[in-house]
Amino acid sequence: MISIEKISQKFIQLENYLGLLKEISKESEEAFLKNQIIIGSAKYYLQVSIECCLDVANHIIASERLRAPNHYADSFTVLEEKGIFHQKLGQRLR
């Protein structure tokens, strides 16, 4: 059974991480490239944002007993194949 609470929590985390990435993006390119702490933060928030998307996808896959994905990007293909979301979104997530 799909847990709306679990998915909602992941979306809250994702929204937070994307907000932090947006703040980081306000730095000039020069300032960004000179600051290893900001670069590391951007990498981290990008990584955990991707993980949130994969967590949601894999939760739905497991709950609905869909085929096991062959790799991370395939998680979004599985959902696309089952019509859970549109092909265009699947392409963007992959």
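Values below: all heavy atoms of this structure, side chains included; hydrogens, waters and symmetry mates excluded.
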Check: What do you reckon, is CZ of F32 surrounded by more than 12 foreign heavy atoms closer than 6.0 Å?
Finding: yes
Next item on the list: Check C53 against F76 and note the closest heavy-atom contact, atom names and distance.
Entry: O-CE2, 3.8 Å
Next item on the list: Look up atom OG1 in T77 and atom OH in Y72, then write down how far apart they are to the nearest 0.5 Å.
Entry: 15.0 Å
Margin query: Quick check: do L14 and V56 have side-chain heavy atoms less than 4.5 Å from each other?
Written below: no
Notebook entry, point to check: Just wondering, more than 12 heavy atoms not from E15 lying within 6.0 Å of its CD?
Noted result: no
Margin query: Once rounded to the nearest 0.5 Å, what's the spacing between atom OH of Y45 and atom CD1 of I50?
Written below: 15.0 Å
Check: When you measure from the side chain of N58 to the backbone N and O of L54, does any donor-acceptor pair fall under 3.5 Å?
Finding: yes
Item checked: Minimum-distance pair of heavy atoms, taken over all atoms of S75 and I61 -> O-CD1, 3.5 Å
Note to self: Whether the E51 and Q47 side chains hold a donor-acceptor pair (N or O, under 3.5 Å, no angle test) is what I'd like checked.
What the structure shows: yes
Notebook entry, point to check: In Å and rounded to the nearest 0.5 Å, what is the CD1 to CD1 distance from I7 to I12?
Noted result: 12.0 Å
Checklist line | S63 to M1 - nearest heavy-atom pair and separation | finding: OG-O, 3.3 Å
Notebook entry, point to check: Side chains of Y17 and Q13: does their closest heavy-atom pair fall under 4.5 Å?
Noted result: yes
Next item on the list: Identify whether L46 and L33 are in the same connected component of the hydrophobic contact network (ILVMFWY, side-chain heavy atoms under 4.5 Å).
Entry: yes
Could you go through residues 81-89 and list every donor-acceptor pair under 3.5 Å that involves a side-chain atom there, pairing it with any protein atom two or more places apart or in another chain?
from, atom 1, to, atom 2, distance (Å)
E81, OE1, R67, NE, 3.0
E81, OE1, R67, NH2, 3.4
E81, OE2, R67, NH2, 3.1
H86, ND1, K88, N, 3.0

Checklist line | pair L79-L66: side-chain heavy atoms closer than 4.5 Å | finding: yes
Next item on the list: Could you list the residues that satisfy side-chain hydrogen bond (donor to acceptor under 3.5 Å, both in side chains) with E30, not counting sequence neighbours?
Entry: K34
Notebook entry, point to check: Taking C-beta and beyond as the side chain, do K10 and H59 meet within less than 4.5 Å on heavy atoms?
Noted result: no
Item checked: pair S49-L21: side-chain heavy atoms closer than 4.5 Å -> yes
Note to self: Can you pull out every side-chain hydrogen bond (donor to acceptor under 3.5 Å, both in side chains) where at least one residue sits in residues 19-28? Sequence neighbours excluded, please.
What the structure shows: E23-K26
Notebook entry, point to check: How long is the gap from CG on D74 to CD on E80, to the nearest 0.5 Å?
Noted result: 10.0 Å
